[in-house]
Amino acid sequence: MLDHLITGATVVDGTGAPSFVADVGIRDGRIAVVAEPGTVREEARTTEDAGGLVLTPGFVDPHTHYDAQLFWDPYATPSMNHGVTTVAGGNCGFTLAPLHPDRPEDADYTRRMMSKVEGMALAALEEGVDWSWSSFAEYLDALEGRIAVNAGFMVGHCALRRYVMGADAVGGQPTPEQLDRMVGLLKEAMEAGAWGLSTTQSATHSDGDGAPVASRHATPGELIALSRAVGEHEGTQLEAILAGCLDQFSDAEIDLFVEMTAAAGRPLNWNVLTIDAAVPERVPRQLTASERARKSGGRIVALTMPILTPMNMSLGTFCALNLIPGWGEILALPVPERIAELRDPDVRAEMLRRADSKEAGVFRRLAHFGRYVIGDTYSAENEGLTGRVVKDIATERGQDPFQCLVEICANDDLRTVLWPMPSDNDPASWALRRETWDHEDVMLGGSDAGAHLDRMCGAPYTTRFLGDCLRGRKLLPLERAVKMLTDDPARLFGLRERGRIEEGFHADLVLFDPERIEAGPATLVHDLPGDSPRLDSRAIGIVSVRVNGVETIRNDEVTGAIPGKVLRSGRDTRTVATR
């Protein structure tokens with residue numbers, strides 16, 4: 001007997017093939033039958049009429065930071081609401097394990113680092129996670145049987161360094177014995193099911209003390225040694241972030257990426273390829289790394305987002321503005337001193353100069369302050385400004401846009417919420433995105449879901465992208481769009497029997513209304529441990545989400561079921577060799 005039968009659905013199976021109408025039966029967590037409507041004779045415990053609805057494989061998000069959130073939110077909201085049934089965590093070199101059993105202070109260091117570098121509320125990390133593990137295996141076991149989504153995790157380079165080197169991980173170099181121990185720890189983690197190694201050398205990644213995170217001190221030799229170890233285990237990957245990921249790679253960075261993937265013989269993915277017609281040289285430069293990798297026996301995959309993710313800014317709390325060269329020092333001052341500096345015309349002029357320089361890279365586009373929209377305000381002086389564009393207010397007041405913005409924020413003691421309008425929302429940039437998506441080493445992703453919780457909400461990229469393909473710009477047919485969200489990432493990670501609607505595959509499924517599929521606006525809610533805030537977005541048009549055959553979402557509401565699996569390398573992933 002079937003557990004559930006979905007009848008009359010328009011099936012988009014994930015392969016890119018034309019859609020077709022079919023009945024789909026589920027048994028024991030897998031797809032048991034895909035047949036012409038009305039031809040399934042086997043009885044089913046429950047049946048659902050899906051006429052007029054689209055049935056697709058569950059979406060796979062290749063770049064998340066749900067490592068901590070899954071402990072207090074097994075549903076990985078809002079990703080699962082938007083059809084994501086499998087998440088890849090442990091990215092950017094940051095994981096919650098391993099932790100040295102004899103140094104309890106390492107957990108505190110990790111919490112403060114994650115709070116700073118990934119924008120996770122410290123109170124949520126302290127109150128929502130029990131931190132009872134030491135090894136990576138124990139971390140994975142702590143999640144087993146208590147999550148609603150499928151989740152796989154890389155092991156973070158920063159955690160490996162901290163475990164072996166202690167405080168010397170920041171600023172120090174490992175002895176040969178310590179490097180051997182790091183390699184050994186990585187192998188132990190992969191034997192337990194880690195998907196491989198993640199690392200960062202990005203200049204934007206600093207720990208809770210403001211120092212460069214541990215992996216930024218690693219030499220190429222250390223990275224190659226760890227990459228080589230990844231290649232010794234089945235079903236593994238590399239994920240890495242370099243400074244050039246934000247704009248354009250240097251020759252040395254391309255050399256490093258190519259050497260890492262070639263040493264491992266495994267794919268390496270990086271985050272995120274920003275596509276902007278105003279910087280036409282960026283895409284070909286970034287994809288040079290992929291072309292060189294293929295010639296050297298490796299593969300480098302660039303993640304890129306198919307939507308423009310809204311991000312809020314503030315002069316009062318840490319956000320992307322702090323990452324503009326020269327801005328961090330000013331925005332770290334106590335609020336009264338910060339306001340005084342920001343009101344100084346010479347200081348503002350120098351800040352704008354630095355923001356418009358080449359060294360600012362992708363952050364240059366944050367400096368178009370006339371294009372900012374005022375969000376929440378907190379003073380009588382700013383009453384009525386919410387929703388207005390800074391350029392219009394500045395014209396009324398006879399001020400330049402940055403001066404106007406500073407005065408508005410100063411009235412609120414810098415608590416004003418700011419929403420920058422993207423500068424790359426033009427037809428030429430969308431045409432360039434559409435062209436770039438055709439590259440064999442470009443994949444959709446980079447949501448950062450689970451991180452930067454009160455600043456951005458990338459999780460709804462799946463529903464927003466599909467809505468755009470069906471009723472908006474229509475850059476891609478639905479079948480191609482679904483393949484990019486399902487089978488493509490599943491094949492990159494070597495996921496076994498996931499990513500397609502096919503008999504025998506795991507029943508990770510999304511049922512949605514093609515006339516309504518979309519994401520609601522990002523809104524601030526206070527539902528994290530410690531009453532901490534985050535941005536959330538409702539899923540529109542998602543009728544049902546199933547993970548391993550069990551319904552986890554019905555009409556954007558969680559059902560309470562937790563059928564997700566911790567996906568372990570080798571058992572749940574197969575090797576995707578590059579040579």
Side-chain angles (χ1 to χ4, degrees), residues 29 57-71 73-76 79-80 84-98 133 135-157 159 186-199 230 233-240 264 266-271 301 303 443-451 459 485-499 505-506 508 547-548 552 562-576:
F59 309 138
V60 179
D61 189 334
H63 189 102
T64 78
H65 291 277
Y66 279 122
D67 309 56
Q69 185 175 325
L70 285 172
F71 284 98
D73 173 20
Y75 313 105
S79 290
M80 194 172 70
V84 173
T85 57
T86 298
V87 299
N91 288 295
C92 300
F94 308 123
T95 49
L96 309 190
W133 54 81
S135 69
F136 201 84
E138 291 169 341
Y139 167 78
L140 294 181
D141 290 345
L143 287 169
E144 196 73 74
R146 57 180 294 176
I147 55 177
V149 293
N150 303 309
F153 299 90
M154 312 293 281
V155 59
H157 191 180
L186 174 58
K187 290 181 178 181
E188 290 172 16
M190 290 186 291
E191 287 167 3
W195 283 15
L197 174 77
S198 73
T199 187
V230 169
H233 289 260
E234 184 182 2
T236 51
Q237 299 273 320
L238 292 169
E239 188 270 344
R266 298 287 188 273
L268 180 155
N269 75 82
W270 64 272
N271 177 56
V301 176
L303 302 187
M443 191 171 74
L444 299 190
S447 73
D448 260 1
L485 296 174
T486 59
D487 194 55
D488 285 355
R491 298 289 74 75
L492 176 70
F493 291 127
L495 298 182
R496 297 181 186 271
E497 292 85 45
R498 298 187 193 275
F505 272 48
H506 297 279
D508 297 338
V547 178
N548 299 311
T552 56
I562 50 172
K565 304 292 185 184
V566 174
L567 302 181
R568 300 182 189 243
S569 59
R571 185 192 70 185
D572 301 301
T573 65
R574 58 171 55 89
T575 294
V576 179

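Quick caveat: nothing in here was measured; it's all calculated off a predicted structure.
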- [ ] With sequence neighbours left out, write down each residue that passes side-chain contact (heavy atoms from CB on, under 4.5 Å) with Thr86, or none if nothing qualifies.
- [x] Val60, Asn150, Leu495, Arg498, Asp508, Leu567
Task: Among Leu444, Val87, Val84, side chain to side chain contact (heavy atoms under 4.5 Å, CB included) partner for Phe59 - done: Val84
Task: Residue pair Asn269 / Phe493, side-chain heavy-atom distance below 4.5 Å - done: yes
Task: Heavy-atom closest pair, residues Leu492 and Val576 - done: O-CG2, 3.5 Å
Task: Test salt bridge (charged side-chain N to carboxylate O under 4.0 Å, His left out) applied to Asp73 - qualifying residues, sequence neighbours left out - done: none
Task: Those residues that, when tested against Phe94, pass ring-ring contact (aromatic ring centres under 6.0 Å, His included) (two or more places apart) - done: His205
TODO: Could you grab the distance from atom CE of Met154 to atom CG of Asn91, nearest 0.5 Å is fine?
DONE: 7.0 Å
Open item on the list: Tell me every residue that passes side-chain contact (heavy atoms from CB on, under 4.5 Å) with Ala240, counting only those two or more places apart in sequence or in another chain.
Closed with: Thr199, Phe257, Met260, Leu268
Open item on the list: Restricting to non-hydrogen atoms, name the atom on Glu239 and the atom on Cys92 that form the minimum distance, rounded to 0.1 Å.
Closed with: OE1-N, 2.8 Å
Task: Considering all heavy atoms, the nearest Gly58-Thr85 contact - done: CA-OG1, 3.2 Å
- [ ] Check for a donor-acceptor pair, side chain of Asn548 on one end and backbone N or O of Pro563 on the other, with a separation under 3.5 Å.
- [x] yes
- [ ] Check side-chain contact (heavy atoms from CB on, under 4.5 Å) between Thr236 and all other residues, then give those that pass, not counting sequence neighbours.
- [x] Met190, Val230, His233, Arg266, Ser569
Open item on the list: Checking Arg574 now: which residues fulfil salt bridge (charged side-chain N to carboxylate O under 4.0 Å, His left out) with it, not counting sequence neighbours?
Closed with: Glu497
Task: Heavy-atom check, side chain of Pro98 versus side chain of Glu138, under 4.5 Å - done: no
- [ ] Would you tell me whether Ser79 and Asp61 have side-chain atoms, one donor and one acceptor, within less than 3.5 Å of each other?
- [x] no
Task: Partners passing ring-ring contact (aromatic ring centres under 6.0 Å, His included) against Tyr66 (at least two apart in sequence or in another chain) - done: none
- [ ] Output all residues satisfying side-chain contact (heavy atoms from CB on, under 4.5 Å) with Ala189, sequence neighbours left out; order by chain, then residue number.
- [x] Phe136, Val155, Ala194
Open item on the list: Once side chain to side chain donor-acceptor pair (under 3.5 Å) is applied, do any residues pair with Lys565, and if so which ones, sequence neighbours excluded?
Closed with: none
- [ ] Can you measure from CE (Met443) to CG (Asn271) and round to the nearest 0.5 angstrom?
- [x] 10.0 Å
Task: Gly196 versus Leu186, closest heavy-atom pair with distance - done: O-CD1, 4.2 Å
Open item on the list: Restricting to salt bridge (charged side-chain N to carboxylate O under 4.0 Å, His left out), what partner residues turn up for Glu144, sequence neighbours left out?
Closed with: Arg568
- [ ] Find the distance between CD (Gln237) and OG1 (Thr573) and round it off to the nearest 0.5 Å.
- [x] 8.0 Å
TODO: Nearest 0.5 Å please: distance from the CG atom of Leu70 over to the NE2 atom of His65.
DONE: 13.0 Å
Task: Over all atoms of both residues, closest heavy-atom pair of Gly446 and Leu303 - done: N-CD1, 4.2 Å
TODO: Calculate, to the nearest 0.5 Å, the distance between atoms CG and CH2 belonging to Leu238 and Trp195 respectively.
DONE: 14.0 Å
Task: Value rounded to 0.5 Å, distance of OG1 in Thr95 from NE2 in His157 - done: 11.0 Å
- [ ] May I ask you to decide if the ring planes of Phe153 and Tyr139 are parallel, tilted or perpendicular, using 30° and 60° as cut-offs?
- [x] perpendicular
Task: Results of salt bridge (charged side-chain N to carboxylate O under 4.0 Å, His left out) for Arg496 - residues two or more places apart only - done: Glu234
Task: By ring-ring contact (aromatic ring centres under 6.0 Å, His included) - contacts of His506 (at least two apart) - done: none
TODO: Mind listing the closest non-hydrogen atom pair of Ala192 and Ala137 along with its distance?
DONE: CB-CB, 3.4 Å
